[in-house]
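Throughout, protein chains are lettered first and strands after them, A, B, ... in sequence-line order, and every chain is numbered starting at 1. Every heavy atom of this structure was used, including side-chain atoms; hydrogens, water molecules and symmetry mates were not.
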There are 2 protein chains.
Amino acid sequence: MKNPSADKRDQKTRKILEQARFRVIEAIAQNINLYGVTPSVGRLYGTMYFQEEPMTLDQMQEALGMSKTSMSTGVRNLLELKMVKKTWRKGVRKDLYEVEPDWYQTFIDFFCLKWRKGIDLNVQSMKKSVDDLQKLLQQPDLSEDDRETIRTDLNKLYEALAYYEWLDKLVDSLETEEIFEFIPKPIPRKVE
Amino acid sequence: MKNPSADKRDQKTRKILEQARFRVIEAIAQNINLYGVTPSVGRLYGTMYFQEEPMTLDQMQEALGMSKTSMSTGVRNLLELKMVKKTWRKGVRKDLYEVEPDWYQTFIDFFCLKWRKGIDLNVQSMKKSVDDLQKLLQQPDLSEDDRETIRTDLNKLYEALAYYEWLDKLVDSLETEEIFEFIPKPIPRKVE
DNA sequence: CAATTCGTACAGTTTTAACTGTACATAAAT
DNA sequence: ATTTATGTACAGTTAAAACTGTACGAATTG
């Protein structure tokens, strides 16, 4: 039996629910944009976050009103960041993707990936420059000015290298999850 | 008395020194670019990093071969990130800038600034959405499907909020430097 | 073996961000 | 008070990126 007033109420409910999601999705998109991920890709992530089932590219296109190509590159982007993963489901031909639901893990993956990249990059070039400067210092007949410049540069590099050593240990403590002994995870509230 | 061969050697020394700096500056620029700072601004920072004395906008322009306007906006950029600070020197009319030499501090300022921004943004919108959904759940005659959707959304938000609580504590431990009790700073090497 | 479906490479377009030069407000120097 | 120096707002330009549509190869289906 039809009930028009209940229908109307349901519609309102859905609208509030949609708005509640939309608000959070936008915040997520804006936030992640601080770290070089475009808002579009952030919205894609946010949309998938609230989806119970894994999504196909077509569903993403439908949900965001963007081209399939963009969905494809966007999802690859998120894959590289380990924020989503590819799934498989029997009888479904299309590729399926779902978000990594654990935000601690996402945080760790996201920053450790970047930090490691930075550590490698910088440590490598710094060590090379340290080497060059050390050799230069060996020269017996350097002007005192040059010698002093080299010394200060070297000390700066030594300090920077120590910093990267520290950062590397921080990355380790995140990846091994030892960090949670120092800063424990709070227990989340649960509905009902 | 002139000594041409010594001059030549000095020149070579300077070149190696310059290359040693350049290599590191490029690495710094590339690294910071991972976090949404343009390579140009990264190079500006790197250049200032190796400068013993505070720099003026004109010196930066000279050093990087870019417009003074770019130096002005670039330096403001770095100021906001607390990576450089404005200095003053008696008798010097121009504005002077120098890098924050402590990379631990720079790391802390840089990430805590961003993280806090993200925390505020997300927690605010999430709390609002949680509120909306909780009110929705009060409704006595919800369809079971809708009720279930709301429940799962709420639980996701509760988990996310717990995560942000954790992140907030991480930020605290960085800003109070308690983190260094957990992960101590290694002692840097010193020249000579 | 067609015929169909799917995902992505690629070229072209649009949008956004970076950069420059000029012009001007502010402050210092004469 | 006038001149000179300094930093930045702003408009315009150039460079980069985000995005789209088409085309095509790989895989699947009939």
Nearest whole Å is fine: how far is [N] [atom2] from [X] [atom1]?
{"X": "B:Tyr97", "N": "D:dT6", "atom1": "OH", "atom2": "C1'", "answer": "11 Å"}
{"X": "A:Leu64", "N": "D:dA18", "atom1": "CG", "atom2": "P", "answer": "16 Å"}
{"X": "A:Lys68", "N": "C:dG7", "atom1": "NZ", "atom2": "C1'", "answer": "6 Å"}
{"X": "A:Asn33", "N": "C:dT16", "atom1": "CG", "atom2": "C1'", "answer": "12 Å"}
{"X": "B:Gln61", "N": "C:dT20", "atom1": "CD", "atom2": "P", "answer": "9 Å"}
{"X": "B:Met55", "N": "D:dG7", "atom1": "CE", "atom2": "P", "answer": "13 Å"}
{"X": "A:Met66", "N": "D:dG21", "atom1": "CE", "atom2": "P", "answer": "11 Å"}

Are more than 12 heavy atoms from other residues, nucleotides or ligands located less than 6.0 Å from atom [atom1] of [X]?
{"X": "A:Lys82", "atom1": "NZ", "result": "no"}
{"X": "A:Gln124", "atom1": "CD", "result": "no"}
{"X": "B:Lys127", "atom1": "NZ", "result": "no"}

When you measure only distances, ignoring hydrogens and angles, does the side chain of A:Thr69 come within 3.5 Å of the base of D:dG21 through a donor and an acceptor? yes
task = Answer yes or no: is there a donor N or O on one side and an acceptor on the other, between the side chain of B:Lys156 and the main chain of A:Tyr49, under 3.5 Å?
result = yes
So, with a heavy-atom separation below 4.0 Å from DNA chain D, the residues of residues 39-50 of chain A are A:Ser40
Hydrophobic clusters here meaning ILVMFWY residues chained together by side-chain heavy-atom distances under 4.5 Å, can you tell me if [X] and [Y] are in one?
{"X": "B:Leu174", "Y": "B:Phe111", "value": "yes"}
{"X": "A:Val92", "Y": "A:Val99", "value": "no"}
{"X": "B:Phe50", "Y": "B:Leu96", "value": "no"}

Assign the ring pair A:Phe107 / B:Trp115 to parallel, tilted or perpendicular, where the plane angle (0 to 90°) is split at 30° and 60°. tilted
Exactly one of A:Phe182, A:Trp103, A:Tyr104 clears ring pair (Phe, Tyr, Trp, His ring centres under 6.0 Å) with B:Trp166, and that residue is A:Tyr104
Numerically ordered, the residues 70-94 of chain B set in heavy-atom contact under 4.0 Å with DNA chain C is B:Ser70, B:Arg93
